[in-house]
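Below is one structure, written out as structure tokens; comments come after it.
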Amino acid sequence: MSIPIAAPGPLASGTLRVTPLGGLGEVGRNMTIFEFDGKILVVDCGVLFPEEHQPGVDLILPDFEPIKDRLDDIVGIVLTHGHEDHIGAVPYLLRLKGDIPLIGSGLTLALVEAKLKEHRIRPFTLTVKEGQQERVGPFDLEFIAVNHSIPDALAVAIRTPAGLVLATGDFKMDQLPLDGRITDLRAFARLGEEGVDLFLVDSTNADVPGFTPTERSIGPVLDQVIGKAPRRVIVASFSSHVHRVQQVIDAAHAHGRRVAFLGRSMVRNMTIAEQLGYLNVPENVLIDYKKARDLPDDRIVYMSTGSQGEPMAVLSRMANLDHAIEPGEGDTVILASSLIPGNENAVYRVIDGLTKLGANVVHKANARVHVSGHAAAGELIYCYNILKPKNVLPVHGEYRHLMANAKLAQDTGIDPERTLIASNGTVIDLRDGEAAVAGQLDIGFVYVDGSTVGGITDADLKDRRILGEEGFVSVIVVVDSATGRIISGPEIHARGVAEDDRVFDDVAPKIVAALKEAAGNGVRDNHALSQIVRRTIGRWVNQKLRRRPMIVPLVIEA
């Protein structure tokens, strides 16, 4: 949804201001800021992974611009769970101010601390657990257990004199979770009795009818697939999906196989999970992947990253035969994750590549090897009926998910006027039980490209797409600075254009004629002459070659 840019007015006394900086209209980059009495609380600080139309980009961050000048006012960053789309941008925010306290569960903070160590940042942390209450600045926080595809996920209730806000983070209502930790609906009911003034609720599966299947339904399928596999098994999943890794380890152990972790983040995260007791690994099951290559093919399972088709992740490199482990005839590859919207083409390319190499690829479309970590429509309706919130702000999802979630809220009797469909940067003020849009900030994407943060613009990405799709043409001309007469050139070179450079012999006289006419009209400005060259060759290439390459004219004065 596009809301016209309009700066919000000053924050009135006794009003809570809520501004999502990411996670609305997208699956990732989750971050919301809460402001009351001059102080700011941040909930989540995640990344978004790039799509195909963003070539060369490593990560996409929330836009920190609205809080860059107010870092001293931030009293804490609450992290609901340890997935990258909720913690991945923390290092980049702490680069701006390293002593902002991080608040989260044990596993969540352990994962983010390992990430921060790579950035040479030592954070201030406060470990919390379900049922715990903490006062952080003017915010009274209560943490509530929720079930998700990673252990130790928490919802957070935020109390201020302006009202009670409940932010679910990512959650579902699996009644038979692997770790026995269910979403605390009793706490939800208690908050409902108290009166929830604003409900920020996960929308990712709001358009999926019914209930999300239980994680336990995956175990027998993985056991069957791994048990029947004739040779090597390669399982790809998110590097923080502890529950799925546990199921793979259990199935491998049951069939006399050992497990090797592949991918730096997978090794790091699972080491942390095992050390903290969230991952139960039988003795002599894990093996270093270099030693694993000496095992018989029917005695090994590789647990890797790359389930979203990321170009540099392990599975994509395997599919491109750019990894020490090369899948082949008789190998079994299991993609144990759902597709993040926008990644479909990349994932199917990897599936095709692996299939072409002879591997049997098992994925969500042909076997139940993954269930979602997000509540489906039936579960969300339960929450609305339990909580009866006064105002609802659907978050964590693309626009269709937000709309579906709002419709569910309205179906349970919540006033459509109290169901807010917002965008990133929408400013919402809560006061006396009423939430209303107060403005819209002009925020955008912040691209991480190698060591560059925020230096890449949408215009740069457009140039990259043109280079990749249409090619590159350079034109060098030397002119007399006094008379404008051509001394040398035009010299034309092309890259990525399926033609020999000699094809441009036909356009060279046209460039000469155009520059001669400009010289006769007294044009001496270097930029103006460059634009004449660009337009002349651009029209010709478009008409003759039916292409629109990037054209870089270089007019040198002598």
Side-chain angles (χ1 to χ4, degrees), residues 14-16 18 20 32 34 36 41 43-44 78 80-81 105 128-135 139-148 153-175 177 181-206 210-212 374-397 401-402 404-422 428-436:
T15 302
L16 175 67
V18 182
T32 305
F34 298 82
F36 184 83
L41 179 75
V43 174
D44 288 325
V78 173
T80 59
H81 65 281
S105 65
V128 295
K129 58 184 179 180
E130 56 264 30
Q132 188 168 335
Q133 297 190 29
E134 293 288 340
R135 175 86 175 182
F139 305 96
D140 280 319
L141 308 179
E142 179 181 351
F143 300 93
I144 300 147
V146 291
N147 179 250
H148 187 40
L154 295 168
V156 58
I158 304 168
R159 293 179 176 88
T160 68
L164 168 60
V165 178
L166 176 60
T168 64
D170 289 355
F171 85 112
K172 60 178 175 177
M173 288 164 52
D174 189 338
Q175 298 302 295
R181 186 175 179 272
I182 64 173
T183 294
D184 191 351
L185 295 180
R186 290 179 298 178
F188 276 32
R190 174 172 50 79
L191 293 172
E193 290 294 322
E194 181 180 341
V196 174
D197 295 293
L198 179 61
F199 187 32
L200 277 68
V201 56
D202 180 6
S203 305
T204 312
N205 270 359
F211 292 77
T212 300
H374 303 270
E379 294 153 87
L380 294 173
I381 289 172
Y382 261 89
C383 288
Y384 287 127
N385 284 331
I386 291 169
L387 289 164
K388 293 294 182 187
K390 295 177 184 175
N391 301 273
V392 172
L393 176 61
V395 294
H396 304 170
H401 304 133
L402 305 181
N405 204 347
K407 177 65 165 55
L408 295 176
Q410 292 161 18
D411 287 345
T412 65
I414 296 172
D415 186 346
E417 293 293 319
R418 304 266 67 84
T419 308
L420 305 173
I421 299 295
I428 295 165
D429 284 353
L430 175 67
R431 182 182 177 88
D432 298 329
E434 290 194 6

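- Between the side chains of Asp202 and Thr168, no donor N or O sits under 3.5 Å from an acceptor N or O.
- For Thr183, the side chain to side chain contact (heavy atoms under 4.5 Å, CB included) partners are Val146, Asn147, Phe171, Met173, Leu185, Phe188, not counting sequence neighbours.
- Ala206 and Ala377 get closest at one heavy-atom pair: O-CB, 3.7 Å.
- Atom NZ of Lys388 is surrounded by more than 12 heavy atoms from other residues, nucleotides or ligands within 6.0 Å.
- Here the closest non-hydrogen pair linking Leu402 and Pro394 is CD2-O, 3.5 Å.
- Taken to the nearest 0.5 Å, the CD atom of Glu379 stands 8.5 Å off from the CG atom of Asp174.
- Closest heavy-atom contact between His374 and Thr212: O-OG1, 2.6 Å.
- Contact check for Val18 versus Thr32: side-chain heavy atoms found under the 4.5 Å cut-off.
- The salt bridge (Lys or Arg N to Asp or Glu O under 4.0 Å) search around Arg190 returns Glu142, not counting sequence neighbours.
- Residue Lys407 holds its NZ atom at 12.5 Å from CD1 of Ile414, rounded to the nearest 0.5 Å.
- Looking at heavy atoms from C-beta onward, Asp184 lies out of side-chain contact with Glu130 at the 4.5 angstrom threshold.
- The 12-atom threshold is not exceeded at OH of Tyr382, counting heavy atoms of other residues, nucleotides or ligands nearer than 6.0 Å.
- Shortest non-hydrogen contact noted between Ala375 and Asn205 is O-CB, 3.1 Å.
- Side-chain atoms of Val78 and Phe143, non-hydrogen and from C-beta on, do get closer than 4.5 Å to each other.
- Smallest separation of non-hydrogen atoms from Leu154 and Lys129: CD2-C, 4.3 Å.
- Inter-residue side-chain proximity for Leu141 and Leu41 is flagged as met; some heavy-atom pair is nearer than 4.5 Å.
- In terms of heavy atoms, Ala435 sits closest to Leu420 at CB-CD1, 3.9 Å.
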Leu200 and Phe34: side-chain contact (heavy atoms from CB on, under 4.5 Å), yes or no, with the steps? CA-CA 12 Å; Leu200 277 68; Phe34 298 82; 3.9 Å; yes
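- The CG atom of Asp429 lies 11.0 Å from the CG atom of Leu198; values are rounded to the nearest 0.5 Å.
- Atom-to-atom distance recorded for Asp44:CG and Asp170:CG is 7.5 Å, nearest 0.5 angstrom.
- Ser203 contributes atom OG, which lies 9.0 Å from atom CG of Leu408 (distance to the nearest 0.5 angstrom).
- When side chains are defined from C-beta on, Leu191 counts as touching Arg159, because their heavy atoms get closer than 4.5 Å.
- Pro20 is listed as a side-chain neighbour of Leu393, based on a closest heavy-atom distance under 4.5 Å.
- More than 12 heavy atoms of other residues, nucleotides or ligands lie within 6.0 Å of CD in Gln133, so this atom counts as buried by the packing criterion.
- None of Val156, Val201, Val196 except one satisfies the side-chain contact (heavy atoms from CB on, under 4.5 Å) rule with Leu166; the exception is Val196.
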Could you walk me through whether Val43 and Ile158 pass side-chain contact (heavy atoms from CB on, under 4.5 Å), step by step? CA-CA 10 Å; Val43 174; Ile158 304 168; 4.2 Å; yes
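- Val392 places a side-chain heavy atom less than 4.5 Å from the side chain of Tyr384.
- Distance check, rounded to the nearest 0.5 Å: CG of Leu430 to NZ of Lys390 gives 9.0 Å.
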